[in-house]
J.: 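Would you mind keeping the following structure in view while I ask a few things?
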Amino acid sequence: MSEEAKKPNYSADSIQALEGMEHVRMRPSMYIGDVGVRGLHHLVYEVVDNSIDEALAGHCDEISVDINEDNSITVRDNGRGIPVGIHKKEGVSALEVVMTKIGAGGKFDKDSYKVSGGLHGVGVSCVNALSDHLKATVHRDGKIWEQEYERGKALYPVKAVGESDITGTEVTFKPDTSIFQQTIEYSYDTLASRMRELAYLNKGITVVMTDKREKDEKGEFITETFHSEEGLKEFIRFLDGNREPLIADVISMEGEKNGIPVEVAMVYNTSFTENLHSYVNNINTHEGGTHLSGFRRGLTHTLKKYADGSGMLDKLKFEISGDDFREGLTAIVSVKVAEPQFEGQTKTKLGNREVTSAVSQAVSEMLENYLEEHPNDAKTIVQKVILAAQARHAARKAREMVQRKTVMSGGGLPGKLSDCSEQDPVKCEVFLVEGDSAGGTAKQGRDRNFQAILPLRGKILNVEKAMQHKVFENEEIRNIFTALGVTIGTEEDSKALNLEKLRYHKIVIMCDADVDGSHISTLILTFFFRYMKELIENGHVYIATPPLYLVKKGAKKEYAWNDKERDEWIEKFGGGANVQRYKGLGEMNAEQLWDTTMNPEFRTLRQVNIDNGSEADRIFSMLMGDEVPPRREFIEKNAVYANIDA
Ligand code: 0RA
């Protein structure tokens, strides 16, 4: 037993609590997913969620999040303030219980309808356990209260440090570098896009995000205020801002069905992609689940009924499938569920059965009303659905050719692929290389045991603007499918992916380090995002990072990946160095390419992951859609990876 356990005011429960906190430090990934960049940002979401809960309970309308100079984070709200009175059962302040007891959350406030909660809903005590230092400041009952902690342990009992005529809670924490060994550097963009999302999902709340690490030209901190009066309706306009609308309005509804709060907003655009985003208690349910099934069911059922009644389908010779109703659809479904059951690989699939019919009913009602009141829009939508059905028939033929080719193994591999000799996919890598000439260099430079090369000719098809059958007819894209051993589409689901025969576990996009190269990387990423999303989700997709400069003096040579590194080498070489700027992979010889970009010992691969699905979708539609100006600006800033966080 520890020393503390013998002290009289530590009950058996608090010994358990202590052990709980230690367990969090021993197995952090069990609580926050991982201890990399994602887990680091997760800490912030966990703290903000508590303030969101306070807002949803109707006691708070302003939340601020600061990234401080030392990468500590301050989250502030104007809620009631976490209670500081002595908690009867625990014998310490309620604040201390919340901060130091795993799973305490807001439990002692039974009336609160706690719906938010981080991905794992672990509570602020986990953040405390994983922080070097944390300080909680509460404005409440006319006073300012304070308590500090180190690695989750209170340094002193809560104390009054001043008077106050406001209420609210402020938490400042600094992640523990012994836990987050990779980095504790926060990404403003990552946090800001989550705060924007939260503002849309919880209309009326103001979230102010500030980066205090750097000042802009005017000498001011970067800051953004997120606030939405219309919620999901505005969210849809934001997501679809770069697409051409098919109908003028965003169709939306908000209400309660069978005791489940349901919010839905949707619009049709002229694109061919389906964009469904779903949330449960403000958590993005990437894998969908019962609420999304409910949405699909309600949509298909209502539109089909309307289309049948309109007589527009009379001459159609084949059935319309569920997919056809969702081409060019952007929709968000957000539900609040008291006891959500999360399933699936990443625990982001809602399992609660009762939610399906609640959402389905809500969608049917919303859509029936809309179609009745907007007959012209209704006709436009049905026409689009018919076109989609016709295109699907054309696509099926093209797709079946992809499948047939892939099924024939060995001889079926594309001629341009230089395969590796290793057979175990886990050990195999394939480099998708822009252009035949760089492809040739890569082929010479690689380790043929486990590295394969697939050269892609010039710009690959922009799938964002192409109909499905064009995508499947495209030779480069078919080569990617066959080379990877991936098939797509079954009778029920034309987008279902079969990854069982995936031939490489690392798929590396290798393009020039210039604007054209990043455009091509983006085209390839767009293709993966739209047609092989699971490859990204399962962490198979990487981006190679070729160097920008070669700095030489006499026999000494070093590579540099940015201007700072270049200047450092020039200085180390004592001036008079020769600097070669690589304009493309083609300028490197095979040995240089191997040394800098392909050799697993020295290269840096950036793993592509989708932290924020709706943001990634918006960026791809912007980059690859019709509107030229925003795309130009974005690509010129060369921030292709800003929110894809490779
Ligand atoms: C439970 C009860 C009460 C406030 C809170 C929780 C609370 C928690 C957090 C976490 C971050 N900000 C917060 N704001 C409030 C107060 C109950 C009462 O005053 O009667």
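Bear in mind that the values here come from a model prediction, so they are computed numbers and not experimental data. Order of appearance sets the numbers: ligands from 1, and atoms from 1 within every ligand.
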J.: Select the closest option to atom 6 (C) of ligand 1 among P83, G168, G123, judged by heavy-atom distance.
T.: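 Of the listed residues, P83 has the closest heavy atom.
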
J.: Do any heavy atoms of R140 fall under 4.0 Å from ligand 1?
T.: yes

J.: Does N50, backbone or side chain, put an N or O under 3.5 Å from an N or O of ligand 1?
T.: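 No, N50 has no N/O under 3.5 Å of an N/O on ligand 1.
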
J.: Applying a 4.0 Å heavy-atom criterion (strictly less than), which segment of D53 is in contact with ligand 1: side chain, backbone, both, or neither?
T.: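 Neither; no heavy atom under 4.0 Å.
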
J.: Given D211 and R213, is the salt bridge (Lys or Arg N to Asp or Glu O under 4.0 Å) satisfied, shown in steps?
T.: CA-CA 6 Å; D211 192 343; R213 293 171 300 186; 2.9 Å; yes

J.: By number and element, which atoms of ligand 1 are closer than 4.0 Å to a non-hydrogen atom of T169?
T.: 12 (N), 13 (C), 14 (N)

J.: So with a 6.0 Å cut-off around NZ of K349, is the heavy-atom count from everything else above 12?
T.: no

J.: Show me the donor-acceptor pairs, under 3.5 Å and distance only, between side chains in residues 199-210 and residues at least two apart or in other chains.
T.:
residue	atom	partner	partner atom	Å
N202	OD1	N282	ND2	3.2
N202	ND2	L198	O	2.9
N202	ND2	N282	OD1	3.2
K203	NZ	E254	OE1	2.5
T206	OG1	H227	ND1	2.9
T210	OG1	T223	OG1	3.1

J.: Holding to salt bridge (charged side-chain N to carboxylate O under 4.0 Å, His left out), I want the full list of residues that pass it with E148, two or more places apart in sequence or in another chain.
T.: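 Result, salt bridge (charged side-chain N to carboxylate O under 4.0 Å, His left out) vs E148: none returned.
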
J.: Give the single entry among G79, G81, C60, A57 that approaches atom 4 (C) of ligand 1 most closely by any heavy atom.
T.: G81

J.: Is it the case that atom CD in E224 sees more than 12 heavy atoms from other parts of the structure closer than 6.0 Å?
T.: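 Correct, the count exceeds 12.
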
